[in-house]
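Below you'll find the structure, written out as structure tokens, and then a few comments.
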Number of protein chains: 2
Amino acid sequence: MYEIVAGIGTNEERAIEQADLLVGLATSGLTTSVTLLHVFEDNPEGASAHQLESVKAARDRLADHGIEVDVRESSGDPAQNIVEFARERDGDAICVAGRKRTPSGKVLFGSVTQSVLLESDQPVFVPGIGK
Amino acid sequence: MYEIVAGIGTNEERAIEQADLLVGLATSGLTTSVTLLHVFEDNPEGASAHQLESVKAARDRLADHGIEVDVRESSGDPAQNIVEFARERDGDAICVAGRKRTPSGKVLFGSVTQSVLLESDQPVFVPGIGK
């Protein structure tokens, strides 16, 4: 079983891109277990990751393809939480969202993605921007 | 068949990290075909990618695990060549080397990796720095 921790933000489109990456691996035979982790940077009302449209979209897409999926949440610094969570679970890989665009269309690297890439012990999977 | 294009540089240790990432996926069931692509930035003597220790190390490690592996070479801008090669072959993912360290030990992001992440249509897999 290949254990992947996917750090899911609040952007639904990017969460679906992450799920599609994982589905692509699974449909080519990877026996995978996925944990979707949302890190609340500030969560005074105690919201649940299950309430987020981005998390629900990714979870549903994975489950539709028969992938075992778990949803977790934490709060604090997103990149640090994702890396530490994956390290503690001895996960095989981390999946983070790829790029975002500025209003002018310029592609930018997400700061969470960049930090995860610099800090992770595990391989990091980043979706392409989509064809 | 999940087709991965791995851009292999000249650093043997990083090439092995890339191979290990791909072996990890294959041993968890991914049916994968790997093309190792080395891009010569300047190659007046017409060297072959097969001669590089980094390419040989990655190729041998993949073959030892029964992974179908092909070696290709091109010349020009590494990131651009890797992205275009993967796009033309309609590959499923790109694998690039992760980080390197400065002499003082600071982790840096490779410029090829960063460019591939920003330009790729396909998912990009980046090895962790190793535990």
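Letters A, B, ... are given to chains in the order of the sequence lines, protein chains preceding strands, and every chain is numbered from 1. Predicted, not measured: the structure shown is a model, and the values here were computed from it.
More than 12 heavy atoms of other residues, nucleotides or ligands sit less than 6.0 Å from atom CD of A/Glu84. By the 6.0 Å contact criterion, CD on A/Gln51 is enclosed, its count of non-hydrogen atoms from other residues, nucleotides or ligands being greater than 12.
Looking at every heavy atom in both residues, B/Leu30 comes nearest to A/Leu25 through CD1-O, 3.3 Å.
In this structure, A/Phe85 is not a member of the same hydrophobic cluster as A/Val55, with clusters built from ILVMFWY side-chain heavy atoms closer than 4.5 Å. Taking hydrophobic clusters as Ile, Leu, Val, Met, Phe, Trp and Tyr residues chained together by side-chain heavy-atom distances below 4.5 Å, B/Val83 does not share a cluster with B/Leu36. Note: the hydrophobic cluster containing B/Ile67 does not contain B/Val5 (ILVMFWY, side chain heavy atoms under 4.5 Å, direct or indirect links).
Annotation: maximal heavy-atom pairing with chain B below 4.5 Å, among A/Ser28, A/Gly29, A/Gly98, occurs at A/Ser28. Among B/Cys95, B/Ala26, B/Pro123, the residue with the largest count of heavy-atom pairs under 4.5 Å with chain A is B/Pro123. No other option in A/Asp20, A/Leu21, A/Val126, A/Ile94 has as many heavy-atom pairs under 4.5 Å with chain B as A/Val126.
At a 4.5 Å heavy-atom cutoff, the contact between A/Glu119 and chain B is made by backbone atoms alone.
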Stepwise side chain to side chain contact (heavy atoms under 4.5 Å, CB included) check, A/Leu117 with B/Leu117: CA-CA 11 Å; A/Leu117 282 162; B/Leu117 282 161; 3.7 Å; yes
